[in-house]
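Working notes for the structure below.
Quick caveat: nothing in here was measured; it's all calculated off a predicted structure. Both ligands and their constituent atoms are indexed starting at 1 by order of listing.
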Amino acid sequence: MDDLKAKYLGQIADAGDEDALEAIRLAAVGKKGEVALKMRELGKMTPEERQVAGPALNALKDEINSALSAKKSALADAALDERLRTEWLDVTLPARDRRQGSIHPVSQASEELTAIFAELGFSVAEGPRIETDWHNFDALNIPSHHPARAEMDTFYMHRTEGDNRPPHVLRTHTSPVQIRSMELQGAPIRVICPGGVYRADYDQTHTPMFHQVEGLAIDKDISMANLKWVLEEFVKAFFEVDGVELRFRASHFPFTEPSAEVDIRCSWEGGQLKIGEGDDWLEILGSGMVHPKVIAAGGIDPEVYQGFAFGIGIDRLAMLKYGIPDLRAFFDSDLRWLRHYGFAALDMPNLHGGLSR
Ligand code: PHE
């Protein structure tokens, strides 16, 4: 037994890693290890011999086991010391001197408008981009035969035969988030919902994927006057210039009654887009008083509650504010364009510091 002890404690002391330790453990105290084999011999001994040999074998086993675990933690400590010695980082090194990435104008505009609406008491709500056609259309008072479905150039999700899940679409606007917010929060509500939307359309001011921000305010006494004030305050704050001219036009949406669209005066001269001058108008938003059927579809009582909603094109706001004439370039991922129109990553927009400085 003394030989066994000397042999294994010596091996343990010399072991260089955990694998070596495990091999020693199996050979010494494993089920078929040397100590176990010795224990089997106990059966052949006289009771007197056994009384001496039994406890001595158990003590040997314990001793080997504790030597194993002491060595194991010593190895782990050494490994940690080694990592701490080699994997260190000099946090006092200067940052890279050349800006590699930048904030996309759509992200910048989204941050800016979120800051403005937060100041007006609106919180941010979200919904899925792959939306049920019930949320995107039916709940918004656009039943399946309605011409607005065709006008929207909707991308429908592929369906295989026998698929009995509800049909889904790539949302064509952020208005379904009105329904989701009402379902989730009930009344009263004051939210904005920025995010990507999709329509099959492509020219200088249209891309198949673009961005909107929905606004929804529901309470007992909200009026069209509140809507007009909120939109005017927003536009003034967003463009940070005095001479912005807005045009409210009577319009029609199935989900609002009455409805209004808002255009901004601009000029496109010489490939340059400028706001507040010229004879052109760029439509930036649709709005109106939420239709009672829509309020009911959201699970709120239209006899008690009413409110306004609007949907603003974020990309168009960015085009106007930063003078970017072609929307298609927004999504080309051309680094030269991003370097020219992008924003510094650490420049967080807020109303006090000036939004885009
Ligand atoms: N969803 C409309 C669109 O995409 C915009 C809108 C939103 C109009 C809310 C009225 C109210 O054109």
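Side-chain contact annotation: His104 with Ser107, donor-acceptor N/O pair under 3.5 Å absent. Side-chain contact annotation: Glu183 with His135, donor-acceptor N/O pair under 3.5 Å present. A donor-acceptor contact closer than 3.5 angstrom links the side chains of Arg129 and Tyr198.
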Determine all donor-acceptor pairs shorter than 3.5 Å in which one atom belongs to a side chain in residues 35-47; sequence neighbours excluded.
{"residue": "Thr46", "atom": "OG1", "partner": "Glu49", "partner atom": "N", "Å": "3.2"}
{"residue": "Thr46", "atom": "OG1", "partner": "Glu49", "partner atom": "OE1", "Å": "3.4"}

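Remark: Asp133 engages Arg149 in a salt bridge, criterion side-chain N to carboxylate O under 4.0 Å.
Separation of atoms CG (Leu320) and OH (Tyr322) is listed at 11.0 Å; rounding is to 0.5 Å.
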Could you list, one pair per line, each nitrogen or oxygen of ligand 1 together with any protein nitrogen or oxygen closer than 3.5 Å, giving atom names and the distance rounded to 0.1 Å?
{"residue": "ligand 1", "atom": "1 (N)", "partner": "His173", "partner atom": "ND1", "Å": "2.9"}
{"residue": "ligand 1", "atom": "1 (N)", "partner": "Ser175", "partner atom": "OG", "Å": "2.9"}
{"residue": "ligand 1", "atom": "4 (O)", "partner": "Arg199", "partner atom": "NH2", "Å": "2.8"}
{"residue": "ligand 1", "atom": "4 (O)", "partner": "Gln212", "partner atom": "NE2", "Å": "3.0"}

